[in-house]
Amino acid sequence: MKKVLVVSLGGIAGSLSRWVVSLAIVDHGFPWATLLVNYTGSVLLMILVLYSNQHKSPKWWWRPALGAGFCGGFTTYSAFSLKIEQYFTDGKISTAVIYALASLVGTYILVFATNEFFKTKWAK
Amino acid sequence: MRALLIALGAGIGAPARYLIDKEVKKIHRSLIPLETLAINTVGSFVLGLTIRSNGNIALIIGTGFAGAFTTWSTFAVETHHLFDHKHRAKAWVYLALTLILGVGAAAIGVKLTS
């Protein structure tokens with residue numbers, strides 16, 4: 001139950017951060033803010049997973065607060081899927097494909113590079 | 001005020017995802033993370049429903065709840081994990097299902113409100 005509360009607080013912090021990023025970035029018709037939060041949040045979660053695989057967790061609340069809480073609240077899938085749906089509805093097929101590829105390939109490259117970098121650094 | 005509305009939705013969305021994830025993993029563990037898939041599909045549907053809502057509902061249910069309930073980071077780390085452990089076919093299936101079900105669910109949500 002304590003963990004659920006911690007996830008809730010982390011989720012609030014993450015979601016408010018996502019909202020602040022969306023206010024700060026002028027998107028010019030392309031969802032740059034969503035792309036940015038999804039990139040950074042995925043890298044952060046990858047670092048967390050790698051770190052907790054190799055280290056003892058410093059505090060019990062640390063992993064749920066930052067992982068399921070902050071990273072989960074900060075990144076979002078629904079904004080991505082709705083945007084793709086809207087591009088399709090508006091007939092902007094190429095923009096939909098560019099956005100989907102930028103999100104998927106970009107995230108994969110970042111997460112892959114993060115894994116390569118930290119797995120040797122933190123290897124036991 | 002707007003921040004409070006988002007916090008309200010996110011304060012429910014994030015722990016709801018956490019609990020569903022934990023409970024599903026207790027009953028059923030599969031290589032393809034069905035719990036994340038279901039969460040992202042349902043959350044996309046919910047966001048689709050809010051598309052014609054007024055500002056406050058959009059902030060609570062859309063930006064707050066659906067935003068925090070669904071997750072891109074877990075999806076990313078899980079997909080990478082599948083590729084990294086040579087479960088390539090499962091990784092592609094997970095990727096394709098996430099896209100098709102998520103976008104489809106969002107479309108159904110939008111349709112239901114129009």
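Values below: all heavy atoms of this structure, side chains included; hydrogens, waters and symmetry mates excluded. The chains referred to below are lettered A, B, ... by the order of the sequence lines, with proteins before strands, and numbering in each begins at 1.
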Participant: If hydrophobic clusters are built from ILVMFWY residues whose side chains come within less than 4.5 Å, do B:Tyr18 and A:Leu16 share one?
Facilitator: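 In one cluster: no.
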
Participant: Test of understanding: clusters of I, L, V, M, F, W, Y form through side-chain heavy atoms closer than 4.5 Å, transitively. Do A:Ile93 and B:Leu99 belong to the same one?
Facilitator: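 Hydrophobic grouping puts A:Ile93 with B:Leu99.
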
Participant: Minimum heavy-atom separation for A:Cys71 to B:Ser73, with atom names?
Facilitator: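 A:Cys71 and B:Ser73 have their closest heavy atoms at O-OG, 3.3 Å.
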
Participant: Can you tell me how far apart CZ (B:Phe45) and OG (A:Ser81) are? Round to the nearest 0.5 Å.
Facilitator: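 Answer for the CZ-OG pair, B:Phe45 versus A:Ser81, is 12.5 Å.
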
Participant: Answer with side chain, backbone, both or neither: which region of A:Val4 has an atom nearer than 4.5 Å to a non-hydrogen atom of chain B?
Facilitator: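 A:Val4 touches chain B through backbone and side-chain heavy atoms alike.
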
Participant: Applying the 4.5 Å side-chain criterion to the ILVMFWY set and letting contacts propagate, would B:Ile61 and B:Val42 be lumped into a single cluster?
Facilitator: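 Result: yes, single cluster for both.
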
Participant: Of the backbone (N, CA, C, O) and the side chain (C-beta and beyond), which part of A:Ser103 lies under 4.5 Å from a heavy atom of chain B, both, or neither?
Facilitator: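 Both parts, heavy atoms under 4.5 Å.
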
Participant: So which of B:Gly48, B:Ala76, B:Ala106 has the biggest tally of heavy-atom pairs under 4.5 Å with chain A?
Facilitator: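 Most heavy-atom pairs under 4.5 Å with chain A: B:Ala106.
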
Participant: Using non-hydrogen atoms only, which part of A:Phe112 is less than 4.5 Å away from chain B: side chain, backbone, both, or neither?
Facilitator: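 Both the backbone and the side chain of A:Phe112 come within 4.5 Å of chain B.
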
Participant: Can any side-chain N or O of A:Tyr77 pair as donor or acceptor with the backbone N or O of B:Thr98 at less than 3.5 Å?
Facilitator: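 Yes, because the side chain of A:Tyr77 sits within donor-acceptor range (under 3.5 Å) of the backbone of B:Thr98.
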
Participant: Pick one of side chain, backbone, both or neither for B:Leu8, based on which atoms fall under 4.5 Å of a heavy atom in chain A.
Facilitator: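 Neither part.
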
Participant: Of all the heavy-atom pairs spanning A:Thr76 and B:Trp72, show the shortest one and how long it is.
Facilitator: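 Looking at all heavy atoms of both residues, the closest pair is O-CB, 3.6 Å.
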
Participant: Out of A:Ala79, A:Ala68, A:Gly14, return the one with the most heavy atom pairs under 4.5 angstrom to chain B.
Facilitator: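 Heavy-atom pairs under 4.5 Å are most numerous for A:Ala68.
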
Participant: How long is the straight-line distance from CZ of B:Phe75 back to OG of A:Ser42, given to the nearest 0.5 Å?
Facilitator: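 The OG atom of A:Ser42 sits 9.5 Å away from the CZ atom of B:Phe75.
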
Participant: More than 12 heavy atoms of other residues, nucleotides or ligands under 6.0 Å from CH2 of A:Trp60: is that the case?
Facilitator: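 Counting other residues, nucleotides and ligands, CH2 of A:Trp60 exceeds 12 neighbours.
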
Participant: Heavy atoms only, distances under 4.5 angstrom: which of A:Val37, A:Ile12, A:Asn38 has the most pairs with chain B? Name it, please.
Facilitator: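 That would be A:Asn38.
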
Participant: At a heavy-atom separation under 4.5 Å, does A:Phe74 approach chain B through its side chain, its backbone, both, or neither?
Facilitator: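 When you check distances to chain B, no heavy atom of A:Phe74 falls under 4.5 Å.
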
Participant: Side chain from CB out, backbone as N, CA, C, O: work out which of these in B:Val110 comes under 4.5 Å of a heavy atom of chain A, or both, or neither.
Facilitator: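 The side chain, not the backbone.
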
Participant: Using the side chain to side chain donor-acceptor pair (under 3.5 Å) rule, collect all pairs that involve residues 4-17 of chain B, keeping only residues at least two apart or in two chains.
Facilitator: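 Matches after skipping sequence neighbours: none remain.
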
Participant: Indicate if B:Phe83 and A:Val111 have the same hydrophobic cluster label, given that clusters are the connected sets of ILVMFWY residues with side-chain heavy-atom separations under 4.5 angstrom.
Facilitator: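 Yes, same cluster.
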
Participant: As an exercise, state the distance from CG of B:Leu47 to CD of A:Glu85, rounded to the nearest 0.5 Å.
Facilitator: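 Those atoms lie 10.0 Å apart.
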
Participant: Hey, could you give me the CG/CD1 distance between A:Leu82 and B:Ile51, rounded to the nearest 0.5 Å?
Facilitator: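 Here the rounded value is 4.5 Å.
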
Participant: Linking I/L/V/M/F/W/Y whenever their side-chain heavy atoms sit closer than 4.5 Å, directly or via other members, would B:Met1 and B:Ile60 fall into one cluster?
Facilitator: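 Yes; tracing contacts between hydrophobic side chains, which count when under 4.5 Å, links both residues.
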
Participant: For each of B:Gly104, B:Gly62, B:Ala68, B:Ala14, tally heavy-atom pairs with chain A at distances under 4.5 Å, and name the one with the top tally.
Facilitator: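 With the most close heavy-atom pairs to chain A, the winner is B:Ala68.
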
Participant: Out of curiosity, B:Leu59 CG to A:Ser15 OG, how far, rounded to the nearest 0.5 Å?
Facilitator: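 Answer for the CG-OG pair, B:Leu59 versus A:Ser15, is 11.5 Å.
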
Participant: May I ask you to name which of B:Ala3, B:Ala10, B:Gly67 has the most heavy-atom pairs under 4.5 Å with chain A?
Facilitator: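 So the answer, after comparing B:Ala3, B:Ala10, B:Gly67, is B:Gly67.
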
Participant: Please examine the side chains of A:Arg18 and B:Thr63, heavy atoms only from C-beta on, and report whether any two atoms are closer than 4.5 Å.
Facilitator: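 Side-chain contact under 4.5 Å: yes.
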
Participant: Which bit of A:Leu104 comes within less than 4.5 Å of chain B, counting heavy atoms only: side chain, backbone, both or neither?
Facilitator: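 For A:Leu104, the contact with chain B is made by backbone and side chain together.
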
Participant: Within this structure, what is the NE2-CG distance for the pair B:His81 and A:Asn115, rounded to the nearest 0.5 Å?
Facilitator: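 Going from the NE2 atom of B:His81 to the CG atom of A:Asn115 covers 10.5 Å.
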
Participant: Spell out, as yes or no, whether a donor-acceptor pair under 3.5 Å connects the side chain of A:Ser78 to the backbone of B:Ala66.
Facilitator: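 Yes.
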
